[in-house]
Amino acid sequence: MVQRQLRGRGIHDENVLAVMAELPRELFVPAGVLSHAYMDDALPIASGQTISQPYMVARMTELLDLRAGMRVLEVGTGSGYGAAVLGRLGCSVISVERHPELADTARARLAALGLADAVRIVVGDGSLGWPAEAPFDAIVVTAGAPRVPAALPAQLADGGRLVVPVGMRARQELTLVIRAGGTFETHDCGGCVFVPLIGEGGFAEPAGESAQGRRRRWFGRLLL
Ligand code: SAM
């Protein structure tokens, strides 16, 4: 995976390559797709979400230009794999996930890997960032947004970097925002396809999902 999919495609940050070479991706994928753990693809996980393609995890992490000790916000914990990469790079990470069940599973995985102190997983709408703990040296959004979520650039420290896929639901441009004092430089870094960022700074919740939520709440009341 590292030689062909990452180094072979131009990932050159040796720290990112070393961490992804030793972090077992199979611990982050469901049993049904275990044999695909090192394939060049995003894979389905619970709650209709995905664990991102290894190349995309490496590319986004490299664009953040991280050093040990940096404070990083990840929006979209998913399986916890991306958060584990950030933690193994020596960063202090807050990772926000909107699905509590994904957050719980990821938390258990990271604890088993000894990363519970390095990575704090919280549940909420990460499209608003995590203002209580701002500023961050880096912010990575692992879901596609219709525009750069308005709350995020202001939560960067001076010199901080934000990476976020921006575009339509079906396809986005990987976008890098670099803060220099009060100004924000934006760079396009290539096409990508991510599940949608759902929330105030993202897309509206799909109608089907809220209907399902309503059904769950209704049955929940019945069972009580
Ligand atoms: N980094 C993840 C990994 O390594 O498995 C991949 C995450 S997946 C591509 C995107 C995640 O973003 C999903 O788990 C989804 O539930 C989450 N998400 C979408 N909108 C969100 C929001 N507003 N706040 C927090 N998480 C969100």
Side-chain angles (χ1 to χ4, degrees), residues 42 45 47-53 56-57 59-66 70-83 85-86 91-100 102-103 106 119-207 209-210 213:
I45 58 173
S47 307
Q49 302 303 316
T50 55
I51 172 173
S52 303
Q53 179 196 28
M56 208 36 83
V57 175
R59 176 85 177 121
M60 292 175 106
T61 309
E62 181 171 79
L63 285 170
L64 295 175
D65 194 20
L66 297 171
M70 282 184 163
R71 302 184 68 243
V72 181
L73 175 68
E74 180 190 48
V75 176
T77 312
S79 68
Y81 180 75
V85 170
L86 298 169
C91 297
S92 170
V93 184
I94 295 180
S95 182
V96 192
E97 173 55 55
R98 64 186 286 268
H99 289 290
L102 289 180
V119 182
R120 179 149 64 95
I121 296 176
V122 294
V123 174
D125 179 3
S127 72
L128 300 172
W130 204 253
E133 305 275 348
F136 299 97
D137 300 304
I139 301 177
V140 59
V141 182
T142 69
R147 63 197 75 81
V148 174
L152 298 187
Q155 292 181 33
L156 285 174
D158 195 13
R161 295 160 84 93
L162 159 68
V163 174
V164 51
V166 174
M168 296 172 297
R169 275 183 185 259
R171 185 164 180 80
Q172 307 91 33
E173 181 74 22
L174 200 56
T175 305
L176 169 66
V177 179
I178 304 175
R179 179 171 197 168
T183 61
F184 298 88
E185 253 176 47
T186 301
H187 305 263
D188 289 344
C189 302
C192 55
V193 179
F194 277 84
V195 295
L197 181 75
I198 305 290
E200 265 189 59
F203 290 98
E205 190 169 354
E209 193 178 332
S210 51

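Numbering starts at 1 and runs along the sequence shown.
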Short side-chain to backbone donor-acceptor contact, Ser95 and Val122, under 3.5 Å: no
Between CD on residue Glu62 and SG on residue Cys189, distance to nearest 0.5 Å: 10.5 Å
All ring pair (Phe, Tyr, Trp, His ring centres under 6.0 Å) counterparts of Tyr81, not counting sequence neighbours: Phe28
What closest approach, in Å, do Gly199 and Ser127 show between heavy atoms, and which atom pair accounts for it? C-OG, 3.6 Å
Non-hydrogen side-chain atoms of Leu174 and Leu63 separated by less than 4.5 Å: yes
Are Leu66 and Thr61 close enough, and set up right, to give a side chain to side chain contact (heavy atoms under 4.5 Å, CB included), and what steps lead you there? CA-CA 8 Å; Leu66 297 171; Thr61 309; 4.0 Å; yes
Rounded to the nearest 0.5 Å, what separation is found between the CE atom of Met60 and the CG atom of Leu176? 10.5 Å
Taking the side chain from Gln155 and the backbone from Leu128, do they hold a donor-acceptor pair closer than 3.5 Å? yes
Passes side chain to side chain contact (heavy atoms under 4.5 Å, CB included), Val163 versus Thr175? Steps please. CA-CA 6 Å; Val163 174; Thr175 305; over 6 Å; no
Without swapping roles, check the side chain of Gln172 against the backbone of Phe194 for a donor-acceptor pair under 3.5 Å. yes
What distance do Ile178 atom CD1 and Phe184 atom CZ have between them, rounded to the nearest 0.5 Å? 12.0 Å
How many angstroms lie between CZ in Arg161 and CG in Leu156, if you round to the nearest 0.5 Å? 10.5 Å
Note: Pro149 and Leu197 closest approach over all heavy atoms is CG-CD2, 3.9 Å
Counting C-beta onward and ignoring hydrogens, is there a side-chain heavy-atom pair between Val72 and Ile139 closer than 4.5 Å? no
If we ignore hydrogens and angles and just use 3.5 Å, is the side chain of Ser52 paired with the main-chain N or O of Val57 as donor and acceptor? no
Within a strict 4.5 Å, meaning less than it, do heavy atoms of the Arg171 and Val193 side chains meet? yes
Minimum side-chain heavy-atom gap Val164-Leu152 below 4.5 Å: no
For residues Phe203 and Gly167, report the shortest heavy-atom separation together with the two atoms involved. CZ-O, 3.6 Å
Is the side chain of Glu97 donor-acceptor paired with the backbone N or O of Gly78 at a distance under 3.5 Å, no angle test? yes
For residues Thr77 and Ala106, report the shortest heavy-atom separation together with the two atoms involved. CG2-CB, 3.7 Å
Under 4.5 Å between any side-chain heavy atoms of Val141 and Val148, yes or no? no
Would you name the heavy atoms of Thr50 and Val195 that are closest together and state the gap between them? OG1-CG1, 3.8 Å
Contacts of Glu133 meeting salt bridge (Lys or Arg N to Asp or Glu O under 4.0 Å) (sequence neighbours excluded), chain-then-number -> Arg71, Arg120
What distance do Leu73 atom CG and Trp130 atom CH2 have between them, rounded to the nearest 0.5 Å? 9.0 Å
Between Val123 and Ala103, what is the shortest heavy-atom contact and its length? CG2-CB, 3.6 Å
How long is the gap from CD on Glu173 to OG1 on Thr186, to the nearest 0.5 Å? 11.5 Å
